[in-house]
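In what follows, every heavy atom counts, from backbone to side chain, and hydrogens, waters and symmetry copies are set aside. First the proteins, then the strands, lettered A, B, ... as listed; each starts at 1.
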Amino acid sequence: MPKRASGRTVGGLRSLSLQAPAVTLLLLWMLIPLGMTLWFSFQHYNLLMPGEPSFVGLENYEYLFTDPSLWRAMGNTLLMVGWILVISVGGGTLLAVLFQQEFKGRGIARVLAISPFFVMPTVSALIWKNLMMHPDNGVLAWLTESVGLPAIDWFSWVPMTSVVIIVSWQWLPFALLILLTAIQSLDEDQVEAARMDGAGPVDIFRFITLPHLKRAISVVIMIEMIFLLTLFAEIYVTTSGGPGLATTNLAFLIYIQALLDFDVGMASAGGVVAIILANIVAIFLVRLVARNLEE
Amino acid sequence: MSAVQTKRPWVGVLAWVIALIIFFPILWMVLTGFKTEADAIASPSLFFTPTLESYVEVQGRADYPKHAFNSITISLASTLLALLIAIPSAYAMAFLPTKRTKATLLWMLSTKMLPPVGVLMPIYLLSRDLGLLDTRTGLTIVYTMMNLPIVVWMLYTFFKDLPRDILEAGRMDGANTFQEVTLLLLPLSMPGIASTGLLSIILSWNEAFWSLNLTASKAAPLTAYIASFSSPEGLFWAKLSAASTMAIAPILIFGWMTQKQMVRGLTFGAVK
């Protein structure tokens, strides 16, 4: 960027005025609800109870932190995000290598494999709940029964695993889509040279492919994290957080408090906790992206 | 790229098997939509007499077209609005960067990390008090803001790759900012803007948190409409599948057509 000493302030001003609409709107979009959430979290405020909201200090937080469901929900959130990331990114990487090979009908096979990413969460949850995992008439029940095993009642026996499977099914294709693009730029000559030197496929994957994909993988993790930390529709449609609290994540817990119990104060305190948790993750992620920007 | 010669047929077989396993639930859903309700819950079979019964019935429920219409208007309107707000901003960041540009971009991205559920109560109450609850306008505003950071980011990435000289030349010829943007920038970056728009449409079309919480019936898009099928069991599978197929078909085809362009935008240019 050439320095233009004279036009600098004018250019800066023009730049700012052009950015103003987007920046102002986002700032309002962020600050007003955030401020309100913070304010409500110190109030006793239930939509079902008559009377004005009253200031109760840290009472909501006290109640929240002594409520075992908060810790359970936090644990569930981290467990879900962790497993889904491992499955989708790990699986996506391996599949990217596989779908990079030459074979008949590669283009069509690729398109089929990335399709679940375009399916809306409510639909994919419903397909899995009814058509796949239903203990009486689902395809999986039919499969296990046809080999002589009893049908698995997915959502009551292994609710967490079921949710992880469904969400991974949606996000693995996303990882595949991105990594498949990234792997195209892998230097074939380098791979060939390594092969000549006697490197096996595992060595090539570990020392050439994986380092090449590092940046793409970090981008995938970041984008998935944004969506996974706030996972909602899949739980809403399939297990409603249950049985018990087995699949209640932070997002769902706050939803229960907010829209089912109409407890604005408590829901807001939970919201503040969710925001803090997300920010801890965000600080780490933003650094990652910042490093990508520098390069 | 030079083709890697594989003399290993199992690679292709394995890849196809995996692709079909991943795609199977979608395929099964489409097939089930063409079955009768009795066939739908019978033992899984690829052989059945296809019928349009379920489609006719779903179509007959007056609400399907209404929800489809909601989905289309809301995703198109929010995408157009987001582009309109984001284009000047991305232009300024790409061509008139200041010291704070990078920090601004990162801050915008960080707003995406705020869990929507953290601000559910305020947005719900504000919508209620402004009379925007269960309206297309309300959801459009929310989606616009939800996608704005990603739209700015993607446009910024595309704009930054444009040849600077052409814009400089335009400026030399006396084009003002507005002319520069409309006559040079927009035509030049049409592919980038299109793929940004398509991604924003896909994200809005599939969004489920706000649509489930802020709409009831009047403005409910397809995500909320489909979720209303979560309770009926057994007997409604064929209809559920038919409705689901119709809900995802447009966006799935959209996605297939645009997947290549989308990747670059999605990864903010980090993956070439």
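Applying the ring-ring contact (aromatic ring centres under 6.0 Å, His included) rule to B/Phe209 yields the partners A/Phe232; only residues at least two apart in sequence or on another chain are considered. Applying the side-chain hydrogen bond (donor to acceptor under 3.5 Å, both in side chains) test to A/Ser168 and every residue at least two apart in sequence or in another chain returns nothing.
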Output, in order, the C-alpha distance, side-chain angles, deciding distance and verdict of side-chain contact (heavy atoms from CB on, under 4.5 Å) for B/Ile22 and A/Leu112. CA-CA 7 Å; B/Ile22 293 177; A/Leu112 292 183; over 6 Å; no
Stepwise side-chain contact (heavy atoms from CB on, under 4.5 Å) test for B/Ile202 and A/Phe117: CA-CA 10 Å; B/Ile202 290 175; A/Phe117 175 59; 5.6 Å; no
side-chain contact (heavy atoms from CB on, under 4.5 Å), that's the test. Do A/Phe40 and B/Leu125 meet it? Break it down for me. CA-CA 11 Å; A/Phe40 289 152; B/Leu125 294 172; 3.6 Å; yes
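Chain B forms more heavy-atom pairs under 4.5 Å with one residue of A/Ser146, A/Pro121, A/Gly270 than with any other, namely A/Pro121. Interface summary for chain A: among B/Ser89, B/Pro149, B/Ser211, the most heavy-atom pairs under 4.5 angstrom belong to B/Ser89. Each of A/Ala274, A/Pro173, A/Ala233 has some count of heavy-atom pairs under 4.5 Å with chain B, and the biggest count is that of A/Ala274. Ranked by heavy-atom pairs shorter than 4.5 Å toward chain B, the options A/Gly35, A/Ser115, A/Pro21 are led by A/Ser115. Contacts with chain A were tallied for B/Gly12, B/Ala208, B/Ala15, B/Ala19; B/Ala15 has the most, counting heavy-atom pairs under 4.5 Å. Taking chain B as the reference chain and counting heavy-atom pairs below 4.5 Å, the highest number among A/Gly105, A/Ala20, A/Ala141 is found for A/Gly105. Note: B/Pro25 leads B/Ala92, B/Pro25, B/Ser244 in heavy-atom pairs under 4.5 Å with chain A.
With a 4.5 angstrom heavy-atom cutoff, B/Ile251 touches chain A via backbone and side-chain atoms both. If you measure heavy-atom distances from B/Leu222 to chain A, the contacts under 4.5 Å come from both the backbone and the side chain. For chain B, no part of A/Leu231 is nearby; none of its heavy atoms comes within less than 4.5 Å. Neither the backbone nor the side chain of A/Phe252 comes within less than 4.5 Å of any heavy atom of chain B. With a 4.5 angstrom heavy-atom cutoff, B/Thr223 touches chain A via backbone and side-chain atoms both. Contacts of A/Leu176 with chain B are absent, with no heavy-atom separation under 4.5 Å from either backbone or side chain. Both the backbone and the side chain of A/Val23 come within less than 4.5 Å of a heavy atom of chain B. Interface residue B/Leu20: only side-chain heavy atoms are found under 4.5 Å from chain A. In this structure, chain A has a heavy atom under 4.5 Å from the side chain of B/Ser241, while its backbone stays farther away. The part of A/Ile127 that comes within reach of chain B is its side chain, from C-beta onward, which places non-hydrogen atoms under 4.5 angstrom from that chain. Residue B/Leu126 touches chain A through its side chain alone, counting heavy-atom pairs closer than 4.5 Å. Neither the backbone nor the side chain of A/Leu277 comes within less than 4.5 Å of any heavy atom in chain B. Of the atoms belonging to B/Phe254, not a single heavy atom falls under 4.5 Å from chain A. Contacts of B/Leu240 with chain A are made by side-chain atoms alone, with heavy-atom separations under 4.5 Å and no backbone atom involved. Contact annotation for B/Leu203: only side-chain heavy atoms (C-beta onward) come within less than 4.5 Å of a heavy atom of chain A. When heavy atoms are compared at a cutoff of 4.5 Å, B/Trp205 approaches chain A by way of both its backbone and its side chain. With a 4.5 angstrom heavy-atom cutoff, B/Val13 does not touch chain A via any of its atoms. Proximity to chain B is limited to the side chain of A/Trp128, based on heavy atoms less than 4.5 angstrom apart.
Put simply, the side chain of B/Trp16 never gets that close to the backbone of A/Ala109: no donor and acceptor are under 3.5 Å apart. Although no hydrogens or angles enter the test, the distance criterion places a donor-acceptor pair under 3.5 Å between the side chain of A/Ser15 and the main chain of B/Leu96.
Of the inter-residue distances, the one linking B/Ile87 atom CD1 with A/Leu18 atom CG reads 12.0 Å to the nearest 0.5 angstrom. If you take OG1 on A/Thr122 and CD on B/Glu207, they are separated by 10.0 Å, rounding to the nearest 0.5 Å. Going from atom CD of A/Gln19 over to atom CE of B/Met93 covers 4.0 Å, rounded to the nearest 0.5 Å. For the atom pair CG (B/Leu14) and CZ (A/Phe103), the distance works out to 9.0 Å, reported to the nearest 0.5 Å. Separating the CD1 atom in B/Ile21 from the CH2 atom in A/Trp169 is a distance of 13.5 Å, to the nearest 0.5 Å. Distance OG/A/Ser124 to CG/B/Asn206: 9.0 Å, rounded to 0.5 Å.
Heavy atoms only, all atoms of each residue included: A/Met120 and B/Ala247 are closest at CE-O, 3.7 Å. Heavy-atom minimum distance, A/Asn130 versus B/Trp237: O-CH2, 2.8 Å. Looking at every heavy atom in both residues, A/Thr37 comes nearest to B/Pro122 through OG1-CG, 3.0 Å. The two residues B/Trp28 and A/Val139 have their closest heavy-atom pair at NE1-CG2, 3.4 Å. Nearest heavy atoms, B/Pro116 versus A/Thr230: CD-CG2, 3.3 Å.
Residues A/Leu131 and B/Phe24 form no side-chain contact, since every pair of their non-hydrogen atoms from C-beta on lies 4.5 Å or further apart. The side-chain heavy atoms of A/Val123 and B/Met29, taken from C-beta on, include a pair separated by under 4.5 Å. Using a 4.5 Å heavy-atom cutoff, the side chains of B/Trp107 and A/Leu26 are in contact.
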